[in-house]
Amino acid sequence: MDTVTDEVNTTVKETAVAAPSSGPLAQREPENDELRAVPLYEEYELIEWINANRHLQQVRDKDHCQLVQDIEARAEVLRLPAYQFLWGDMLAWGVCVPQQSRRGLTMLWKAADQGLPAALEQLGRYYYQGTLVQKNRERAAPLMQEAASLGLEKAQFTWARWLLNGIGSPLDYPQAYLWLKEMVIADKKQHQQAERLSNALAARMPAHKVKELNNRLLF
């Protein structure tokens, strides 16, 4: 682990040295004309950006691609799942680096294999829609269901919609119903969406089953 840490630390130092002193990637303080250092992301905040789909905007538009080598090191060397997701998305779509979609998808799968809900959800959507990969809804379903089971709300919404569109099995209705009914949502539109979806699922289950599920609700 010491060797790995040393390698990452070396990469961080090299990034600081290699940062351009002029051009669009350089951010300068108005008084001393020195490049302002961009702090590396904490994993929890990176996950928040990923879940809000703001991670690429952060890297490209706010930090002006200054942390590419650091991100790569934490994805490829330390194998941190949130960084694997970020690095994979950057490669897949050519953000701050030359586009390498196959390598990017491989990195997303590595994050998914470590159980990162956002990676499971995104791969599920890609296979469902045929984005970057061939459309394969049989492969998409377990990915989205797993992301939903790990508590990712947007995956729970999507999984419920897929079930109502014929993906999955009626045996999956009860758990999807519980996920929706137990959501604590401040946003009014999302709250109404959860209600519509849960009502639609309830309409496909026997009344006694819905009553049983309602008695199990935590909220």
Distance in Å, [X] [atom1] paired with [Y] [atom2], rounded so as to fall on 0.5 Å steps:
X: Leu116; Y: Lys110; atom1: CG; atom2: NZ; answer: 15.0 Å
X: Glu42; Y: Glu48; atom1: CD; atom2: CD; answer: 11.0 Å
X: Glu72; Y: Tyr83; atom1: CD; atom2: OH; answer: 13.5 Å
X: Glu76; Y: Gln69; atom1: CD; atom2: CD; answer: 13.0 Å
X: Lys154; Y: Glu121; atom1: NZ; atom2: CD; answer: 4.5 Å
X: Leu201; Y: Lys181; atom1: CG; atom2: NZ; answer: 10.5 Å

Side-chain donor or acceptor of Asn165 paired with backbone N/O of Arg161 under 3.5 Å: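 Checking the backbone N and O of Arg161 against the side chain of Asn165, a donor-acceptor pair under 3.5 Å is found.
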Any donor-acceptor N/O pair, Arg60 side chain to Val95 backbone, under 3.5 Å: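 Not at all, since once roles are kept as given, no pair shorter than 3.5 Å links the two residues.
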Residues Phe85, His55; criterion side-chain contact (heavy atoms from CB on, under 4.5 Å); working and verdict: CA-CA 10 Å; Phe85 182 99; His55 53 293; 3.4 Å; yes
Closest contact, heavy atoms only, [X] versus [Y]:
X: Val184; Y: Glu153; answer: O-OE2, 4.3 Å
X: Ile50; Y: Ala118; answer: CG2-CB, 3.4 Å
X: Leu178; Y: Leu213; answer: CD2-O, 3.6 Å
X: Gln84; Y: Gln114; answer: OE1-NE2, 3.0 Å
X: Glu182; Y: Arg216; answer: OE2-O, 4.0 Å
X: Pro117; Y: Ala147; answer: O-CB, 3.6 Å

Measure the shortest side-chain to side-chain distance between [X] and [Y] over non-hydrogen atoms and say whether it is less than 4.5 angstrom.
X: Leu164; Y: Arg204; value: yes
X: Met144; Y: Leu120; value: no
X: Val59; Y: Gln66; value: no
X: Met90; Y: Trp87; value: yes
X: Leu46; Y: Trp49; value: yes
X: Gln190; Y: Met183; value: no
X: Leu123; Y: Leu105; value: yes
X: Trp159; Y: Asp172; value: yes

Trace of the side-chain contact (heavy atoms from CB on, under 4.5 Å) decision for Trp179 with Ser149: CA-CA 9 Å; Trp179 286 332; Ser149 73; 3.8 Å; yes
Exercise: do [X] and [Y] side chains pair donor with acceptor under 3.5 Å:
X: Ser101; Y: Gln99; answer: yes
X: Tyr126; Y: Gln122; answer: yes
X: Arg103; Y: Thr106; answer: no

Arg102, CZ atom: more than 12 neighbouring heavy atoms under 6.0 Å: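 No, CZ of Arg102 has 12 or fewer neighbouring heavy atoms, counting only those of other groups under 6.0 Å.
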Residues, nucleotides or ligands: over 12 heavy atoms within 6.0 Å of Arg79 CZ: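 No, the 6.0 Å shell around CZ holds no more than 12 heavy atoms from other groups.
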Transitively linked via ILVMFWY side-chain contacts under 4.5 Å: [X] with [Y]?
X: Tyr177; Y: Leu150; answer: no
X: Leu108; Y: Leu80; answer: yes
X: Leu40; Y: Leu56; answer: yes
X: Leu180; Y: Val210; answer: yes
X: Phe157; Y: Leu143; answer: no

CA sep, side-chain torsions, deciding dist, call: Lys135, Tyr127, side-chain contact (heavy atoms from CB on, under 4.5 Å): CA-CA 5 Å; Lys135 187 181 293 186; Tyr127 281 103; over 6 Å; no
Chi angles and distances behind the side-chain hydrogen bond (donor to acceptor under 3.5 Å, both in side chains) call for Asp63, Tyr41: CA-CA 11 Å; Asp63 296 335; Tyr41 319 129; 2.6 Å; yes
